[in-house]
Amino acid sequence: METVKIIIAGPRGRMGREAVNLVTNTEQFELVAVLDHKYDGIMLSDIEGFHSVSNVPVYTEIEKCLQETDADVLIDLTTPEAGPYHAKTALNHGVRPVVGTTGFTKEQLLELDEICKEKELGCIIAPNFAIGAVLMMKFSQMAAKYFQDIEIIEMHHDKKLDAPSGTAVKTAEMIAAVRETKIQGHPNEKETIQGARGADFDGMHIHSVRLPGLIAHQQVMFGSDGQTITIRHDSYNRASFMSGVKVAVETVMKQNTFVYGLENILD
Ligand SMILES: NC(=O)c1ccc[n+]([C@@H]2O[C@H](COP(=O)([O-])OP(=O)(O)OC[C@H]3O[C@@H](n4cnc5c(N)ncnc54)[C@H](O)[C@@H]3O)[C@@H](O)[C@H]2O)c1
Ligand SMILES: O=C(O)C1=N[C@H](C(=O)O)CCC1
């Protein structure tokens, strides 16, 4: 495999730091630039925590970064505001996005799909890069064929911007694809405190927990007469996401389509 030249957006973030580690420690990957919202024009090695990373310029403007850098892939680990624009701009410059940033709307996903078709380029949007989380979603989809009453409880650290999590939305979408719409609970149920029953997705309920101490966790509960099943995944650190990022970068170089969800590229 030829060396893959990579830009990372959000390098100083919790995920971005892990991604810099991954890229700089993977033989066939090369970090060619980073995109931040400050420190334009300096080198990454001048920033605390990155002294050993040599020859990587910092940009604050994506257009300039893409024009001045010869890159194959943009890994985006930023915010729901910045991520969609970064992915779109990368594609328009012939650079393939691998996006971990969550909080994209359906319309934004559709637009990226259209640009991929037009440009014949690959793009991977993965709400969760942890292989265990992908299995949790697939197992939940399997269980939903037999258990139609479902509550999704996602639990994250309290610095998270979007709710529900991208993983919870993706799980609900995967379940909705195999389950007939069902309005759950008592037909006359009423919330005496707004939000008590969580968000409604096709009759399923999604509950978002935010607490310091947590990283990324989700349990999907299924109920039927006299029995329940709980399918749960826990990420205890952000290294848990990196094998998925590596597979996504390798895969996006080989295909020219839009992919939403790591389950679509894992064997
Ligand atoms: N897909 C996954 O497996 C996965 C796992 C963890 C987190 N996430 C998602 O990844 C994103 C980042 O998470 P995090 O915990 O690292 O957040 P974070 O707040 O620690 O990091 C985000 C970084 O993005 C930078 N940033 C913000 N706006 C920017 C811009 N316009 N240009 C360049 N950089 C910008 C910030 O300075 C910050 O360093 C979130 O959307 C989160 O939900 C996804
Ligand atoms: O830390 C976060 O933020 C995470 N977000 C993703 C989501 O929204 O599903 C995945 C796990 C970590």
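Numbering of ligands and ligand atoms starts at 1, following listing order.
Using a cutoff of 4.0 Å between basic side-chain nitrogens and carboxylate oxygens, K246 and E250 are scored as salt-bridged. Residues R210 and E154 are paired through a salt bridge, judged by an N-O separation under 4.0 Å between the basic side chain and the carboxylate.
Taking a 4.0 Å cut-off on heavy atoms, H86 registers as neighbouring ligand 1. By the 4.0 Å heavy-atom criterion, G103 is excluded from the residues contacting ligand 1.
When each atom of ligand 1 is checked for a heavy atom of F129 under 4.0 Å away, the hits are 1 (N), 2 (C), 3 (O). Close approach of ligand 1 to T79 (heavy-atom distance below 4.0 Å) involves ligand atoms 27 (C). Those atoms of ligand 1 that come under 4.0 Å of a heavy atom in L35, given as number and element, are 33 (C), 34 (N). Per-residue contacts place K160 under 4.0 angstrom from the following atoms of ligand 1 (heavy atoms of the residue considered): 43 (O). The ligand atoms of ligand 1 that sit less than 4.0 angstrom from a heavy atom of N128 are 1 (N), 2 (C), 3 (O). Contact atoms of ligand 2 toward P127: 6 (C), 7 (C), 9 (O), 10 (C) (distance under 4.0 Å to a heavy atom of the residue).
The proximity of H156 to ligand 2, defined as any non-hydrogen pair under 4.0 Å, is limited to the side chain. Contacts with ligand 2 closer than 4.0 Å are made by side-chain heavy atoms of H157 only, the backbone lying farther away. Contact annotation: for T167 versus ligand 2, heavy atoms closer than 4.0 Å belong to both the backbone and the side chain. Within the 4.0 Å heavy-atom criterion, the part of A216 lying near ligand 2 is the side chain and not the backbone.
Rounded to the nearest 0.5 angstrom, K160 NZ and M155 CE are separated by 13.5 Å.
Using a 4.5 Å heavy-atom threshold, the side chains of I125 and F104 count as touching.
Between the choices T78, L77, I8, the shortest heavy-atom distance to atom 40 (C) of ligand 1 belongs to T78. Across P80, S240, G100, heavy-atom proximity to atom 10 (O) of ligand 1 is greatest for G100.
Screening V34, D40, L66, D36 for a side-chain contact (heavy atoms from CB on, under 4.5 Å) with Y59, the sole residue that qualifies is D40.
Of all heavy-atom pairs between M253 and V73, the closest is SD-CG2, 3.6 Å.
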